Enquirer: 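One structure coming up, written as structure tokens, with questions to follow.
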Protein chains: 2
Amino acid sequence: MVTIKDVANMAGVSVATVSRVINETGYVHADTRKKVESAVQQLNFKPNEVARSLYKRKSRLIGLLLPDITNPYFPQLARGVEDRMQENDFRLIFGNSDENKQKEMDYIQTFIQNNVVGVISSTNYPDTDTYLKLKIPVVFLDRTLGDSPSVYSDGREGGRLAAQEMLARGSKRITIMQGPAHIRPAQDRFQGAIEVLEESGLPYHIIRTSSFSFHDAESSAKELFHKYAGTDGIIASNDIAATAVLHEALRLGLKVPDEVQIIGFDDIPLSRLLSPSLSTIRQPSYEMGREAANLLIQLIEQTNVANKNIQFPVQFVERDTTRKVD
Amino acid sequence: MVTIKDVANMAGVSVATVSRVINETGYVHADTRKKVESAVQQLNFKPNEVARSLYKRKSRLIGLLLPDITNPYFPQLARGVEDRMQENDFRLIFGNSDENKQKEMDYIQTFIQNNVVGVISSTNYPDTDTYLKLKIPVVFLDRTLGDSPSVYSDGREGGRLAAQEMLARGSKRITIMQGPAHIRPAQDRFQGAIEVLEESGLPYHIIRTSSFSFHDAESSAKELFHKYAGTDGIIASNDIAATAVLHEALRLGLKVPDEVQIIGFDDIPLSRLLSPSLSTIRQPSYEMGREAANLLIQLIEQTNVANKNIQFPVQFVERDTTRKVD
DNA sequence: TTGTAGGCGTTATCAC
DNA sequence: GTGATAACGCCTACAA
């Protein structure tokens with residue numbers, strides 16, 4: 001390993017001087033600078049981030065905590081975060097929490113032990129001590145808590161939208177899939193949809209699901225048609241659930257969207273490639289990831305941040321699992 | 001921040017002793033141990049990984065480089081890696097390379113600057129100097145190079161399988177999608193399929209695709225049916241391409257699998273939820289990720305590693321985009 | 001069995 | 001302008 005000392009030796013100066021030139025801090029004569037730069041080049045010297053981190057008590061590392069990268073919604077978020085962080089030379093320590101508090105706390109712990117300068121977390125437990133006592137900035141992604149920095153989308157409005165569009169397209173016996181109880185955004189959507197359906201006065205059913213996994217999506221879909229065979233409109237808890245529902249509906253020989261309409265949530269990339277393509281409530285996940293990263297960077301660099309709570313609008317994406325209206 | 005010094009003070013011993021108990025190295029009296037442990041508890045002391053890393057010149061960090069986490073094949077791999085690493089208390093610094101050599105090299109560079117103890121990389125450039133000169137173990141994932149440690153699946157056999165199954169089910173005018181030229185596994189599959197088709201003596205067509213993105217998948221699918229309208233069997237370069245092809249086929253009113261059969265590659269989680277569900281060549285991606293992590297851990301811990309080149313078998317998953325045979 | 005002290009690679013303070 | 005040097009928090013000879 002080539003150290004600052006090696007560079008200093010080769011350039012015939014002290015380590016202090018080398019440090020000055022690589023950090024562009026303090027005065028240094030043009031000639032010496034040249035000598036140093038040349039030595040840096042020849043030796044291909046790259047400063048040891050660990051030593052830097054130790055001295056400065058801060059690294060260029062960011063902790064990113066997501067429930068499960070295997071859920072197609074999250075890669076978009078992750079990618080948005082990464083791209084933005086990359087631009088400012090921050091690196092990501094990444095972990096899956098499985099919505100498990102303990103796992104999450106353990107990760108936060110090791111983030112700290114590694115001197116990360118900020119955390120982006122998609123957590124169900126934002127009001128835990130661990131977060132509240134953190135001395136570094138945290139941005140909650142896809143989750144909120146009071147006026148803590150956060151980036152999220154308007155789940156409730158999304159739920160409302162889904163229900164409205166479904167009603168506007170003539171479904172009369174709607175079934176709503178209620179996502180996992182401990183996942184806030186899932187409940188927001190659910191509430192939004194319920195609100196609109198209550199206002200409408202029409203009957204509706206509810207199917208509870210306990211996770212966002214592929215496996216559970218399939219069984220929930222089966223359960224749904226088994227219990228509520230007469231349903232003519234399904235508001236799914238996310239696009240995976242919707243895909244499973246669509247799959248099951250077609251398997252049962254139902255016509256989509258003529259006999260059953262389906263609306264998903266998220267707009268994951270595959271949704272438009274389904275057949276029929278999936279109508280859904282879109283969250284701009286990539287942009288949300290980017291924005292979360294952006295917000296965190298501002299927080300880290302102590303820039304004045306006008307708005308620490310960034311809500312993204314959701315949007316109905318009309319495709320082929322819903323009927324057309326004039 | 002609470003340091004080892006604080007613990008030492010509270011316990012009334014020297015830092016050396018504290019170090020000994022937390023690392024379980026060297027002798028320490030039962031009583032002193034108790035005092036120290038109690039102090040550690042009360043102060044909630046967690047050793048600073050950065051300081052450790054600096055001294056020992058190695059961290060508990062692993063670099064993970066994937067082309068694009070947004071491609072549904074990779075989250076599985078990533079998850080497998082993470083789960084295994086987690087078990088041994090390793091953390092992941094994660095980056096997307098976009099199959100871009102420069103980006104990749106930059107990442108490797110910062111991995112080193114952060115004292116990572118190993119790298120798992122899904123690269124198209126395993127024979128680059130940067131990799132060859134690395135002084136830490138590297139495991140190539142989904143890629144190979146000579147006898148460098150690697151975990152991959154048998155792409156060529158996968159391609160052969162796809163072609164064989166398609167022929168066995170009666171397709172006579174097959175079109176093969178050739179994945180991106182610079183991506184090795186894509187070419188292996190392609191070659192395998194070509195081999196079998198050549199042996200069969202039947203005519204076939206080729207569609208070249210330049211990326212694995214969702215967007216390109218759609219346009220390739222359109223191009224395919226435009227150019228080779230009479231095709232009755234499509235071997236897609238991966239499941240996304242297959243999904244796009246299926247989508248387009250149905251849009252054109254073709255009966256799947258009666259008029260056109262489709263076989264994908266990878267078996268991403270959504271494939272079984274498509275309608276009709278997608279027949280595909282399965283790679284056990286989660287297991288591959290785990291195994292790569294496992295191999296890397298062995299390499300790091302200098303265990304004798306029997307086999308550094310782990311090839312996973314692929315497997316035809318029969319679903320509904322192919323016809324049934326007796 | 002325990003403590004002292006030097007060093008890991010870097011930065012920043014303070015003389016010169 | 002430049003160079004010693006003391007930190008940063010931890011680990012490990014070596015001495016006691």
Side-chain angles (χ1 to χ4, degrees), chain A residues 1-37 39-40 43-61 89 109-117 135-136, chain B residues 1-37 39-40 43-61 89 109-117 135-136:
Chain A
M1 165 184 274
V2 27
T3 76
I4 200 175
K5 216 167 177 176
D6 301 322
V7 178
N9 287 148
M10 176 168 225
V13 299
S14 76
V15 293
T17 302
V18 177
S19 178
R20 281 189 203 100
V21 349
I22 63 179
N23 293 302
E24 304 184 37
T25 160
Y27 303 102
V28 43
H29 192 87
D31 295 349
T32 20
R33 159 167 292 118
K34 226 162 254 158
K35 281 191 296 184
V36 172
E37 281 168 348
V40 167
L43 296 173
N44 189 31
F45 167 75
K46 306 287 174 191
N48 181 326
E49 279 297 329
V50 178
R52 278 189 167 168
S53 174
L54 179 59
Y55 182 84
K56 305 178 113 176
R57 291 166 170 165
K58 51 166 123 170
S59 66
R60 299 296 292 178
L61 262 21
D89 295 320
Q109 183 60 255
T110 66
F111 287 167
I112 296 173
Q113 291 178 261
N114 282 286
N115 272 2
V116 305
V117 281
K135 293 187 201 67
I136 51 174
Chain B
M1 164 182 277
V2 27
T3 77
I4 199 175
K5 215 167 177 177
D6 301 322
V7 178
N9 286 150
M10 176 168 228
V13 298
S14 77
V15 294
T17 302
V18 177
S19 178
R20 280 188 203 100
V21 349
I22 63 178
N23 293 303
E24 304 184 37
T25 162
Y27 303 101
V28 42
H29 192 87
D31 296 347
T32 14
R33 158 166 292 118
K34 227 162 254 160
K35 281 191 296 183
V36 171
E37 281 167 348
V40 166
L43 296 173
N44 189 29
F45 167 75
K46 306 287 174 191
N48 181 325
E49 278 298 328
V50 177
R52 278 190 167 167
S53 173
L54 179 59
Y55 180 84
K56 305 179 111 174
R57 285 141 173 221
K58 50 165 121 171
S59 65
R60 298 297 291 178
L61 297 173
D89 294 320
Q109 182 60 255
T110 67
F111 286 168
I112 297 172
Q113 291 178 260
N114 282 286
N115 272 3
V116 304
V117 281
K135 293 185 202 68
I136 52 174

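Just so you know, these numbers come straight off a predicted model, no measurement behind them. In what follows, chains carry the letters A, B, and so on, assigned in the order in which the sequence lines appear, proteins first and then strands, with residues in each chain numbered from 1.
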Enquirer: Given axes from five pairs at either end, by how many degrees does the helix from C:dT1-D:dA16 to C:dC16-D:dG1 bend, rounded to 10°?
Expert: 50°

Enquirer: Determine whether B:K46 and A:I112 make a side-chain contact, defined as any pair of heavy atoms from C-beta on separated by less than 4.5 Å.
Expert: no

Enquirer: Kindly compute the distance separating CG (B:L43) from OG1 (B:T3), expressed to the nearest 0.5 Å.
Expert: 9.5 Å

Enquirer: What is the distance, rounded to the nearest whole Å, between atom CD1 of A:I4 and atom C1' of D:dA4?
Expert: 14 Å

Enquirer: Contact between B:K35 and B:T17 at the side-chain level, heavy atoms closer than 4.5 Å - yes or no?
Expert: no

Enquirer: Roughly, in whole Å, what's the span from CG in B:N115 to P in C:dT10?
Expert: 10 Å

Enquirer: Quiz question: going by heavy-atom distance under 3.5 Å, is there a donor-acceptor pair between the base of D:dG1 and the side chain of A:R33?
Expert: no

Enquirer: Nearest-nucleotide wise, let me know which of B:D31 and B:R57 is further upstream toward the 5' end of DNA chain C.
Expert: B:D31

Enquirer: To the nearest angstrom, how far is A:N9 atom CG from D:dG3 atom P?
Expert: 12 Å

Enquirer: Quick one: is B:R52 getting a side-chain N or O under 4.0 Å of the D:dC11 phosphate, OP1 or OP2?
Expert: yes

Enquirer: Compare the minimum distances between each of C:dG6, D:dT2, D:dC8 and the side chain of A:Y55, then state the nucleotide with the smallest one.
Expert: D:dC8

Enquirer: In this structure, how many angstroms lie between the C1' atom of C:dT1 and the NZ atom of B:K35, rounded?
Expert: 12 Å

Enquirer: If I take atom NZ in residue A:K58 and atom P in nucleotide D:dG9, what distance separates them, rounded to the nearest angstrom?
Expert: 15 Å

Enquirer: Between A:T3 and C:dG9, does any side-chain N or O lie under 4.0 Å from OP1 or OP2?
Expert: no

Enquirer: A:K56 NZ to C:dA12 C1': how many Å, rounded?
Expert: 10 Å

Enquirer: Rounded to the nearest angstrom, tell me the gap between atom CG in A:N48 and atom P in C:dT11.
Expert: 10 Å

Enquirer: When we call it a touch if two heavy atoms are under 4.0 Å apart, what does A:S53 touch: a base, just sugar-phosphate, or nothing?
Expert: nothing

Enquirer: Assign each of A:M1 and B:A16 to its nearest nucleotide of DNA chain C by heavy atoms, then name whichever residue's nucleotide is nearer the 5' end.
Expert: B:A16

Enquirer: Want to settle it: does B:V50 or B:T17 sit nearer the 5' end of DNA chain D, counting the closest nucleotide to each?
Expert: B:V50

Enquirer: Do B:K34 and B:E37 pass the salt bridge (Lys or Arg N to Asp or Glu O under 4.0 Å) test, and can you show the C-alpha distance, the side-chain angles, and the key distance before you say yes or no?
Expert: CA-CA 5 Å; B:K34 227 162 254 160; B:E37 281 167 348; over 6 Å; no

Enquirer: B:Q113 CD to C:dC8 C1': how many Å, rounded?
Expert: 17 Å

Enquirer: Quick check: does any side chain N or O of A:S59 sit under 3.5 Å from a backbone N or O of A:N115, one acting as donor and the other as acceptor?
Expert: yes

Enquirer: Is there a side-chain contact between A:V50 and B:V50 (heavy atoms, below 4.5 Å)?
Expert: yes

Enquirer: Would you say B:T25 places a side-chain N or O within less than 4.0 Å of OP1 or OP2 belonging to D:dC11?
Expert: no

Enquirer: By nearest atom, which of the nucleotides C:dG9, C:dT2, C:dT10 is closest to the A:L54 side chain?
Expert: C:dG9

Enquirer: Is the phosphate of D:dC11 approached by B:N23 (side-chain N or O, under 4.0 Å from OP1 or OP2)?
Expert: yes

Enquirer: Can you spot which of B:T32, B:V40, B:V28, B:V7 makes a side-chain contact (heavy atoms from CB on, under 4.5 Å) with B:V21?
Expert: B:V28

Enquirer: To the nearest 0.5 Å, what is the distance between CD (A:Q109) and CG (B:N44)?
Expert: 6.5 Å

